[in-house]
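Remarks on the structure that follows.
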Amino acid sequence: MSARTALALKGVTKNFGRAEIIRGVDLEIRENERHVVIGPNGAGKSTLFHLISGRLQASSGSIQLFGREIDGLPPHRINRMGLSRSFQVTNLFQNMTVMENLRCALLWSQGHKYAFWKRVTSQQGVTQRAEELLERLHLSEKRDVPASLLSYAEQRALEIGATIASGAQVLLLDEPTAGMSRTEADDMVELIREITTDCTLVLVEHDLGVVFNLADRISVLVYGEIIASDTPEAVRANAAVQEAYLGTEAH
Amino acid sequence: MNTTQERVAAGPNASAAVWAQRLWPWVLGAGVVVVMPVIFTSSYAITLMSHMGVMIVFALSYNMLLGNTGLLSFGHAVYFGLGAYTAMHVLRYIQATGFGLPIELIPLVGALAGLFFGIIFGSVSTRRAGVVFAMISLGIGEMVHASAHIFTGFFGGEAGLFGNRTVPSSLFGVDYGPGIAVYYLVMVWTLLAAVAMYLLRQTPLGWMANAVRDNPERAQFVGYSPQMVRFFQFALAATFAGLAGGLYVLVDEIVTDETVGMIQSGTVLLSAYIGGIGSFFGPVLGAILVVFLEGELSDITDAWLLYFGLLFVLVVMFAPQGIFGVLTQQFFAWRAGSWRGSLGPRLYGVASLVVAAIGVVAVIEMAYHYFRHWNPAEPMALFIFEVTVTGPMPWAVALTVAVAGLAAYVGHARPMLRRAMGGGGR
């Protein structure tokens with residue numbers, strides 16, 4: 001495993017008025033690792049994601065992506081620096097077809113920016129990459145179906161595809177298996193494994209089966225603080241974690 | 001629509017059939033442009049049709065904002081009007097100095113002015129979409145209209161500015177005195193602008209405009225700044241609005257402060273919406289219809305603005321996809337065979353609505369006569385009848401017709417239509 005740090009959070013806090021949601025988080029995520037953040041409801045997992053992806057600004061502390069400060073930048077700038085995310089609630093261009101969603105996700109990373117002098121469908125690079133992704137997402141048959149008409153699991157798969165398409169090396173996935181049946185969740189984990197081979201992956205996940213199946217390392221977030229950040233085995237054995245989280249929620 | 005677009009845009013090695021499919025609306029449009037002045041030869045009709053061309057460009061540019069980017073502007077006339085004024089000043093400058101810009105290129109002056117002001121006002125108004133954008137556009141519209149009364153040097157005050165389109169030279173040696181020559185010039189520009197705006201929808205910017213309209217957050221997470229996408233769209237829309245303003249100068253040879261005013265901004269909104277903002281050709285149909293109604297309906301009845309408003313309200317309430325949207329829906333339903341077995345109820349439904357409309361029109365016309373005529377007791381012409389509106393009879397008859405038509409539709413024709421279509425449909 002590479003030693004380079006993909007994402008580093010140092011002393012990050014976030015207050016909403018007087019409510020402290022994130023209370024000094026330090027977190028280091030190495031390149032190409034699959035890192036899962038777990039924690040009870042209301043621990044601040046989604047807020048943490050919003051802070052990293054630029055939807056929210058930290059009250060204090062620093063967030064660095066490959067050594068460059070990203071806190072305070074707008075989401076599109078952070079995205080261009082190599083980070084993308086999916087959402088807890090499916091977040092697609094609902095009126096567009098599967099293929100159009102992928103094409104839109106590819107445009108910027110393929111360097112087309114705000115061009116208004118060339119046609120999208122004539123860009124061979126974009127079309128090729130989109131077809132490839134379609135294949136890898138097992139959505140080839142749904143190519144021209146509007147995103148809003150896909151099944152829930154397919155929408156989630158497409159969303160992850162769009163997240164990857166934007167060329168990001170660091171992906172934040174917010175509960176990718178939420179609301180799925182056992183088999184759907186297993187398929188999704190398999191898909192995530194397949195298509196994120198050379199990406200750094202940060203997940204929020206509730207399903208402990210998924211967590212221990214997928215994670216290289218696990219961080220446990222409880223009331224805005226990371227109480228443990230280690231390998232799955234070590235986290236499983238950690239007394240504080242058992243008390244705070246596994247002891248109450250699992251089994 | 002999107003799937004057709006995909007199929008139509010198959011790439012450079014598209015077959016002849018694909019090209020035919022891609023080109024036929026434009027060939028048809030060009031054919032109509034050539035044939036119309038042969039059928040309608042009066043100078044009034046020619047001017048009306050030239051105005052239609054101007055409004056088509058204007059409405060299409062408006063739809064770049066509303067339909068494509070989801071930006072509801074109440075001040076789009078600013079760019080139309082400022083384009084028109086700038087073009088007029090150049091025209092007058094040519095008159096005064098003999099400076100050599102040919103008349104065919106004067107609309108480009110309007111377009112550049114539209115771009116210039118679009119960049120200035122767009123940079124402050126496109127930060128946010130939704131209500132904030134709408135309010136800022138309203139404010140800018142009011143501001144520019146108010147300044148027309150302050151900077152009378154540029155805007156020409158109450159009387160506006162006049163120019164003479166026959167003075168500049170022509171690239172092709174054409175005499176633009178007759179309306180028909182200007183008509184063709186306007187139509188060439190209209191076609192060019194329409195093709196350009198059509199192609200713009202297929203570019204990365206055009207796609208991301210749709211993306212930002214539907215889901216600005218997702219657009220950010222694929223690397224796009226929603227504000228920049230809106231800004232580029234806005235500046236381009238203002239450019240085409242300015243072009244329309246430049247064409248307007250050539251047709252009318254006069255510009256007044258109305259061209260930057262609220263009514264003009266409202267008219268373009270109505271045109272685009274009535275035609276249908278969901279498809280490219282919707283605003284074209286809307287522009288033709290609105291200019292036609294403005295020109296023709298105002299000759300027939302004093303209440304034309306009321307009908308105009310009613311039409312808008314009805315479209316918003318019952319056909320938000322616009323008239324063009326309804327027509328294409330019905331066309332595809334017909335082609336898919338879902339008219340079979342429901343043709344009778346369909347005709348019945350339309351007939352009952354027409355009867356209701358006749359009743360409503362009669363009531364409105366009589367009311368107008370009663371309240372607006374200096375002598376309400378004087379008989380008035382209503383359709384093929386002559387009625388005296390001071391008596392109760394005509395009112396009773398008209399109201400009965402209106403209510404009967406509506407009742408037949410709501411109580412009988414609509415349920416029948418629903419049954420015939422298997423419970424579904426509208």
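Naming: A, B, ... by sequence-line order, numbering from 1 per chain.
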| remark: Taken to the nearest 0.5 Å, the spacing of A/Trp117 CH2 from B/Leu199 CG works out to 15.0 Å

| message | If I take atom CZ from residue A/Arg80 and atom OG from residue B/Ser225, how far apart are they, to the nearest 0.5 angstrom? | response | 6.5 Å

| said: Could you tell me if A/Asn91 and B/Asn215 have a donor-acceptor pair between their side chains, going purely by distance under 3.5 Å? | reply: yes

| task | Please step through side chain to side chain contact (heavy atoms under 4.5 Å, CB included) for the pair B/Arg213 and A/Asn95, ending with a clear verdict. | result | CA-CA 10 Å; B/Arg213 174 197 64 197; A/Asn95 295 325; 4.3 Å; yes

| task | Begin from the C-alpha positions of A/Phe116 and B/Gln233 and carry the test side chain to side chain contact (heavy atoms under 4.5 Å, CB included) through to its verdict. | result | CA-CA 9 Å; A/Phe116 52 84; B/Gln233 279 288 109; over 6 Å; no

| task | Determine the interplanar angle of the B/Phe232 and A/Tyr114 rings, folded into 0 to 90°, and report it as parallel if under 30°, tilted if 30 to 60°, perpendicular if over 60°. | result | tilted

Can you say whether [X] sits under 4.5 Å from chain B via the side chain, the backbone, both, or neither, judging by heavy atoms?
| X | result |
| --- | --- |
| A/Arg77 | neither |
| A/Leu92 | backbone |
| A/Ser53 | both |

| request: Please test A/Thr163 against B/Arg218 for side chain to side chain contact (heavy atoms under 4.5 Å, CB included), starting from the C-alpha separation and ending with a verdict. | output: CA-CA 9 Å; A/Thr163 311; B/Arg218 190 20 76 195; 3.9 Å; yes

Heavy-atom side-chain proximity of [X] to [Y] below 4.5 angstrom:
| X | Y | answer |
| --- | --- | --- |
| B/Pro204 | A/Lys118 | yes |
| A/Thr121 | B/Trp207 | yes |
| A/Val120 | B/Gln202 | no |
| A/Phe93 | B/Asn210 | no |
| B/Gln220 | A/Arg55 | no |
| B/Met208 | A/Cys104 | yes |

Evaluate whether atom [atom1] of [X] has more than 12 neighbouring non-hydrogen atoms of other residues, nucleotides or ligands under 6.0 angstrom away.
| X | atom1 | result |
| --- | --- | --- |
| B/Trp26 | CH2 | yes |
| A/Arg193 | CZ | yes |
| B/Phe116 | CZ | no |

| task | Say whether, by atom type as modelled, one donor and one acceptor occur between the side chain of A/Arg119 and the main chain of B/Thr203 under 3.5 angstrom. | result | no

| request: For B/Tyr224 and A/His76, run side chain to side chain contact (heavy atoms under 4.5 Å, CB included): C-alpha distance rounded to whole Å, both residues' side-chain angles, the deciding distance at 0.1 Å, then the answer. | output: CA-CA 5 Å; B/Tyr224 281 86; A/His76 57 271; 5.6 Å; no

| Choice from B/Ala209, B/Ala211, B/Ala196 maximising heavy atom contacts with chain A below 4.5 Å | B/Ala211

| Contact winner vs chain B - A/Ser166, A/Ala115, A/Gly167, heavy-atom pairs under 4.5 Å | A/Ala115

